[in-house]
Amino acid sequence: MNFNLSEEQNMLKDSVARFVQDEYDFETRRSNAANALGFNPDNWQTFAELGWLSIPFEEAYGGFGGGPTDVMAVMEEMGKGLVVEPFVATVLMFGGLLSKSDNAALKDAHIEKIIDGSLQGAFAYVERQSRFELADVKTQAKRDGDDFVLNGEKTVVFNGAAANKVIVSARTSGKQCDEAGITLFLIDADAPGVQRTSYRLMDGQLVANIKLTDVRVAANQVVGEVDDGYKLIDAVVSDVTIALCAEAMGIMQKLNTTTIEYTKTRQQFGVAISSFQALQHRMVDMFMAGEQAKSILYRAVCAAESGADDLAKNIAALKVMIGRNGKLIGDEAIQLHGGMGLTDELDVGHYVKRLMMINTTFGDADYQQQKFNRLAYAE
């Protein structure tokens with residue numbers, strides 16, 4: 001099988017790599033993350049001008065018409081720069097839900113705004129009790145005439161502090177953990193009854209808890225079908241999980257490169273520590289862990305491109321590998337840098353924190369191992 005990127009994909013990858021190299025050093029990244037929005041809005045407009053925000057959308061809406069491989073190329077390079085701009089939250093999650101829905105009016109109204117950078121979006125799906133279970137939804141949406149009235153609370157909403165629009169999962173029928181009976185609603189972030197509380201995660205991301213109190217939503221703001229939102233969520237989460245793993249792949253590559261460079265300059269007993277065989281073995285282990293993760297990432301991307309029947313199993317296996325190998329690489333990078341690896345001034349610890357957050361998003365390695373086992377044994 002040919003794993004080479006096309007000419008267009010290489011150009012896209014190089015475009016992001018040049019931006020990270022020229023415009024996104026570590027101190028700039030820290031400044032961007034400290035912004036009141038959680039990112040630099042000027043960078044977001046640059047992304048729009050470069051066409052990155054159009055990548056996964058259909059050409060009919062002014063998009064690039066890209067697939068999982070195109071997104072992988074972008075996310076890998078963004079991972080190397082620890083880019084904090086909400087490409088995942090706005091383009092892949094919020095935009096992905098709109099794109100995969102059958103509500104043509106909502107697509108027409110919002111996708112072009114995502115592409116030109118004028119609309120920030122978020123997807124509110126996590127609740128305090130739900131942990132990694134996407135179907136565990138207590139937020140209620142009850143019919144009131146032609147409208148729905150929403151009550152509940154969502155936590156850890158990525159880009160929730162900056163979003164203009166939010167897609168919220170709410171239960172319109174069934175029991176708390178039923179997959180059936182979940183409906184997705186598009187709401188204004190500043191609508192009456194919406195209360196946002198923002199805070200930062202350990203990787204510097206600005207997220208929000210969103211409390212909904214008698215929030216009225218028109219029936220034409222339903223994303224997808226009433227009671228059938230879980231299928232849409234599952235499809236988008238699959239795409240986003242692969243994208244996050246591609247970001248993690250970029251981080252692991254960066255940590256490997258940074259660690260090797262450091263051991264060539266750090267001296268002990270009058271020689272560079274890279275000459276010590278014991279440390280060479282550990283760096284080989286780091287390299288092999290990265291290559292293993294890259295191989296299964298490519299497998300998952302190919303499965304997504306082809307619509308393979310075992311896609312869910314491939315994604316679960318990928319998440320397990322990224323979580324465990326990412327921890328190995330992160331731990332070794334910190335140890336080989338010595339005490340400096342834990343300091344806030346050095347970028348190594350920040351890359352490791354981001355790996356830890358990616359591991360917990362949509363289910364950590366242990367959760368995904370159990371999911372993989374269920375899927376494997378079901379066959």
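The structure displayed is predicted, hence computed values, not measured ones. For the numbers below, each heavy atom of this structure counts, side chains included, while hydrogens, waters and symmetry mates do not.
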**Prompt:** Under the side-chain contact (heavy atoms from CB on, under 4.5 Å) criterion, do Asp70 and Met75 qualify, and how do the steps go?
**Reply:** CA-CA 9 Å; Asp70 303 277; Met75 290 301 298; over 6 Å; no
**Item:** Asn103 side chain to Asn220 backbone, donor-acceptor under 3.5 Å
**Value:** yes
**Message:** Between the side chains of Glu127 and Lys138, is the shortest nitrogen-to-carboxylate-oxygen separation below 4.0 Å, so that they form an ion pair?
**Reply:** no
**Request:** Answer yes or no: is there a donor N or O on one side and an acceptor on the other, between the side chain of Asn164 and the main chain of Gln120, under 3.5 Å?
**Result:** yes
**Prompt:** Just wondering, do Ser169 and Tyr230 contact through their side chains at under 4.5 Å, heavy atoms?
**Reply:** no
**Message:** Test side-chain contact (heavy atoms from CB on, under 4.5 Å) on Phe185 and Ile167; report intermediate values, then the result.
**Reply:** CA-CA 5 Å; Phe185 298 90; Ile167 294 177; over 6 Å; no
**Item:** Lys231 and Glu179, any side-chain heavy atoms less than 4.5 Å apart
**Value:** no
**Asked** Would Thr263 and Ser274 count as having a side-chain donor-acceptor pair, cut-off 3.5 Å?
**Response** no
**Request:** For the pair Lys264 and Glu261, find out whether any cationic side-chain nitrogen is under 4.0 Å from an anionic carboxylate oxygen.
**Result:** no
**Request:** Look at the side chain of Arg171 and the backbone N and O of Ala135, then say whether any donor-acceptor pair between them is shorter than 3.5 Å.
**Result:** yes
**Item:** Closest non-hydrogen atom pair between Phe148 and Val222, with its separation
**Value:** CE1-CG2, 4.2 Å
**Check: Asn325 side chain, Ala289 main-chain N or O, donor-acceptor pair, under 3.5 Å** = yes
**Prompt:** Does Arg266 use its side chain to pair, donor to acceptor, with the backbone of Ala272 at less than 3.5 Å?
**Reply:** no
**Request:** Might you work through the side-chain contact (heavy atoms from CB on, under 4.5 Å) test for Ile322 and Asn359, ending with a clear yes or no?
**Result:** CA-CA 7 Å; Ile322 289 292; Asn359 179 45; over 6 Å; no
**Exceeds 12 heavy-atom contacts within 6.0 angstrom, atom CZ of Phe132** = yes
**Message:** To the nearest 0.5 Å, what is the distance between CZ on Arg282 and CD1 on Ile329?
**Reply:** 13.5 Å
**Side chain proximity check, Val91 to Leu53, heavy atoms < 4.5 angstrom** = yes
**Prompt:** Just by modelled atom types, is the Met11 backbone N or O under 3.5 Å from a matching donor or acceptor in the Ser15 side chain?
**Reply:** no
**Complete:** The residue among Gln253, Met252, Lys254 that forms side-chain contact (heavy atoms from CB on, under 4.5 Å) with Glu76 is Gln253
**Under-4.0 Å salt bridge between Arg30 and Asp25** = no
**Message:** Can you confirm whether Ile242 sits close enough to Val301 that some side-chain heavy atom of one is under 4.5 Å from a side-chain heavy atom of the other?
**Reply:** yes
**Request:** Provide the full list of ring-ring contact (aromatic ring centres under 6.0 Å, His included) pairs with a residue in residues 65-92, sequence neighbours left out, each pair given once.
**Result:** none
**Item:** Shared hydrophobic cluster, Val320 / Met249 (ILVMFWY, side-chain heavy atoms < 4.5 Å)
**Value:** no
**Student check: side-chain heavy atoms of Glu8 and Phe64 closer than 4.5 Å** = yes
**Prompt:** Would you say Met93 and Thr90 make side-chain contact, with heavy atoms under 4.5 Å?
**Reply:** no
**Request:** Please answer whether the main-chain N or O of Val126 pairs with a side-chain N or O of Ser130 as donor and acceptor at a distance below 3.5 Å.
**Result:** no
**Asked** Is there side-chain contact between Arg143 and Val226, with at least one heavy-atom pair below 4.5 Å?
**Response** yes
**Prompt:** Is there side-chain contact between Leu106 and Ser101, with heavy atoms separated by less than 4.5 Å?
**Reply:** no
**Message:** Distance alone, cut at 3.5 Å: any donor-acceptor contact between the side chains of Thr197 and Asn209?
**Reply:** no
**Arg324/Asp366 salt bridge by N-O under 4.0 Å criterion** = yes
**Prompt:** What's the shortest heavy-atom distance between Asp102 and Gly224, and which atoms?
**Reply:** OD1-CA, 3.7 Å
**Asked** Are Val168 and Val207 in one and the same hydrophobic cluster, where Ile, Leu, Val, Met, Phe, Trp and Tyr link if side-chain heavy atoms are under 4.5 Å apart?
**Response** no
**Request:** To the nearest 0.5 angstrom, please state how far the CG atom of Leu184 sits from the CD1 atom of Ile187.
**Result:** 12.0 Å
**Message:** Is it the case that over 12 heavy atoms from other parts of the model lie below 6.0 angstrom from the CD atom of Glu345?
**Reply:** yes
**Asked** Does the salt bridge (charged side-chain N to carboxylate O under 4.0 Å, His left out) test come out yes or no for Asp136 and Arg131, once each step is laid out?
**Response** CA-CA 8 Å; Asp136 188 344; Arg131 193 163 169 76; over 6 Å; no
**Message:** With a sphere of 6.0 Å drawn around CE of Met357, does it hold more than 12 non-hydrogen atoms of other residues, nucleotides or ligands?
**Reply:** yes
**Pairing of Lys100 and Asp239 as salt bridge, 4.0 angstrom limit** = yes
**Asked** If only atom types and distance count, is the side chain of His110 paired as donor or acceptor with the main-chain N or O of Leu98 below 3.5 Å?
**Response** no
**Item:** Carboxylate-amine/guanidinium contact Glu153 Lys211, below 4.0 Å
**Value:** no
**Request:** Indicate whether the side chain of Glu305 and that of Thr69 have a donor and an acceptor atom separated by less than 3.5 Å.
**Result:** yes
**Asked** According to a 4.5 Å side-chain heavy-atom criterion applied to Ile, Leu, Val, Met, Phe, Trp and Tyr, with indirect links allowed, do Val157 and Val236 form part of one hydrophobic cluster?
**Response** no
**Asked** Hey, is the main chain of Met78 close enough, under 3.5 Å, to the side chain of Tyr24 for a donor-acceptor pair?
**Response** no
**Message:** Tell me whether Glu247 is salt-bridged to Arg354, with the criterion being a basic N under 4.0 Å from an acidic carboxylate O.
**Reply:** yes
**Asked** Thinking salt bridges, do Asp331 and Lys327 make one under a 4.0 Å N-O criterion?
**Response** yes
**Message:** For the residue pair Glu85 / Asn40, report whether a side-chain donor-acceptor contact shorter than 3.5 Å exists.
**Reply:** no
**Request:** Identify whether Trp52 and Phe158 are in the same connected component of the hydrophobic contact network (ILVMFWY, side-chain heavy atoms under 4.5 Å).
**Result:** yes
**Sub-6.0 Å ring centroid separation between Phe362 and Tyr125** = yes
**Asked** With the 4.5 Å side-chain cut-off for hydrophobic clustering, are Met202 and Ile358 part of the same group?
**Response** yes
**Prompt:** Roughly how far, to the nearest 0.5 Å, is CD of Glu225 from OG1 of Thr172?
**Reply:** 11.5 Å
**Request:** Take Asp188 and Lys165 through the test side-chain contact (heavy atoms from CB on, under 4.5 Å) and record every step on the way to the result.
**Result:** CA-CA 5 Å; Asp188 291 328; Lys165 300 280 187 178; 2.3 Å; yes
**Request:** Using atom types as modelled and distance alone, determine if a side-chain donor or acceptor of Ser99 lies under 3.5 Å from a backbone N or O of Gly95.
**Result:** no
**Request:** Taking all heavy atoms of Gln45 and all of Gly117, pick out the closest pair and write down the distance.
**Result:** NE2-O, 3.0 Å
**Message:** Nearest 0.5 angstrom please: Gln221 CD to Asp147 CG, how far?
**Reply:** 10.0 Å
**Message:** I'd like to know whether the aromatic ring centres of Phe19 and Phe47 sit less than 6.0 Å apart in this structure.
**Reply:** yes
**Item:** Polar side chain donor-acceptor pair, Tyr367 to Glu133, under 3.5 angstrom
**Value:** yes
**Item:** Centroid separation Phe94 to Phe123 less than 6.0 Å
**Value:** no
